[in-house]
2 protein chains.
Amino acid sequence: MQLNRQPLYCQVANELVGFISKGAWKPGEVIPNEIDLARKLGVSTGTMRKALDKLEASHLIIRRQGRGTFVLDQAGFDGRHRFDLMRFADGSSIHPMCETLDESVGVASKEECKELSLDEKDRVLRAARVKTHDGCTLVYEDISIAAKRFPGIDREVGLVDYLVTSLAQKYGVILGQAIEQLSLCEVSDKVADVLSIPVRSVVLRLQLVVYSFSGEPLMLRTGFSHLPNAKYVVKIE
Amino acid sequence: MQLNRQPLYCQVANELVGFISKGAWKPGEVIPNEIDLARKLGVSTGTMRKALDKLEASHLIIRRQGRGTFVLDQAGFDGRHRFDLMRFADGSSIHPMCETLDESVGVASKEECKELSLDEKDRVLRAARVKTHDGCTLVYEDISIAAKRFPGIDREVGLVDYLVTSLAQKYGVILGQAIEQLSLCEVSDKVADVLSIPVRSVVLRLQLVVYSFSGEPLMLRTGFSHLPNAKYVVKIE
DNA sequence: GCGAATTTGTGCGTATGTATT
DNA sequence: TAATACATACGCACAAATTCG
């Protein structure tokens, strides 16, 4: 009688994810060595290694031979730009200033319902912001956070850091993959003004949806950019 | 005295890649089972599995439990659109018609030298083509192939299929990763005409460089598109 | 419909190599 | 140098999926 249809190493991986989610293991901290972990969870070292392989592939931990295994700090230097594929034209990384223009809370719009798999009555935290560098506005972004996926976040309206990596870490949400869809469109007058470009200019529209480790959509980010001195770089494996 | 600095499973993986490259194993064919392979190459089953894991992650083989392990057909349905991230607006795959407008051979331009790591005297095969679907022109592309990376390709000018996956398979070149860089630019008059859009329109510029398994740049593809009824979709792991 | 044969997937345990502290 | 921890390598047993008689 086993409806444990999941392989053991996946169950173990999920258990380890739980430790991170619950805060038993803090970001940046070292976790117990593989042999102790295997003994503690009652599995073989090989199974434990396979579970850790999975977590490493999911960018939840990093392993250093001779040193140990560490919980990746999603909000730190390694993790916080995972979903930002924009680069300067010379290929160097962009570390922009973020300025929040507006914040609000409300029920999910039609688009938010669709992209975030929400019901009409679900609450959404929103922000509009711009990323600038050396006085140049790189991108305008509308951000929508599915409140119910971040237990406790309601109490924090008005002081939210809308970087999804920080939010996830703060509320014990484990990040998974993301999907970004690029298209071309004419800017609205408002966005044209913010980006300091002519009205009705054609710009790149970047729609990003970030999912949790378990596959629930967490955040919708719709960006508009004319890519000033910048490009968008994709590595295809 | 071992300057085999590579782990054994990597050496084994390279040996298996050699079988595919040399045509000993044909695309789509099944390869020997893991136990026989391990015995034949004189390694343990675990080491062989790890080597096969690496090949699978590189999209060179696919494994089917109960059936066997198969050489991926790069030019077939699974492999040929690996580097095409454009989709219809509704998310469905695009299987366009390709029409070659022009073909030529010459020495590498400055840009080709840079992007393909070539010398000034190295030869390049070029093609200009458009991809259309239902009468709508989706994208214009300039393609440059580094001839010296495809031994024997010189003899085939004029009848080349410029799909890199086909070329690679034909000449025993194993494909690796690719990098695509997106930017915005005004179209040239020629491209505006081909795409049937106003002159000086702003379009998406897509510059793709495809590398071999061993890391050599093989092909440069510079596309221009106004994304008619289309979008560009990136999965971020 | 069912069971045998085949093949990959999972799991266990051990020993040794290599990088770090 | 010694201790620690991850990486590699070996080998075996069984589970699960597929195929075929």
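Protein chains get the first letters and strands the later ones, always in sequence-line order, with residue 1 at the start of each.
Two residues are said to be in side-chain contact when any heavy atoms from C-beta on lie closer than 4.5 Å; A/K54 and A/C10 meet this criterion.
OP1 or OP2 of C/dT8 lies within a sub-4.0 Å distance of a side-chain N or O belonging to B/T69.
What separates CD1 of B/I31 from P of C/dT6 is a distance of 18 Å, to the nearest Å. Distance B/Q6 CD to C/dG17 C1': 16 Å, rounded to the nearest Å. Taking atom CZ on B/R5 and atom C1' on C/dG17, their separation rounds to 10 Å, with Å as the unit. Atom CD in A/E34 sits roughly 16 Å away from atom P in C/dG13 (whole-Å rounding). C/dT16 atom P lies 14 Å from atom CD1 of A/I35, rounded to whole Å.
Annotation: proximity of residues 36-67 of chain A to DNA chain C (heavy atom, distance under 4.0 Å) is found for A/V43, A/S44, A/T45, A/T47, A/K50, A/Q65, A/G66, A/R67, numbered in ascending order.
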### Task
Please step through side chain to side chain contact (heavy atoms under 4.5 Å, CB included) for the pair B/L16 and B/L41, ending with a clear verdict.
CA-CA 10 Å; B/L16 301 181; B/L41 298 197; 4.0 Å; yes
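Partners of A/R87 by salt bridge (charged side-chain N to carboxylate O under 4.0 Å, His left out), not counting sequence neighbours: none found.
Taking every heavy atom of both residues into account, A/L72 and A/H59 meet most closely at CD2-O, 3.1 Å.
Ion pairing between a basic and an acidic side chain is recognised when a charged N comes within 4.0 Å of a carboxylate O; A/R39 and A/D36 show such pairing. Under the 4.0 Å criterion applied to side-chain N and carboxylate O atoms, A/D122 and A/R149 are not assigned as salt-bridge partners.
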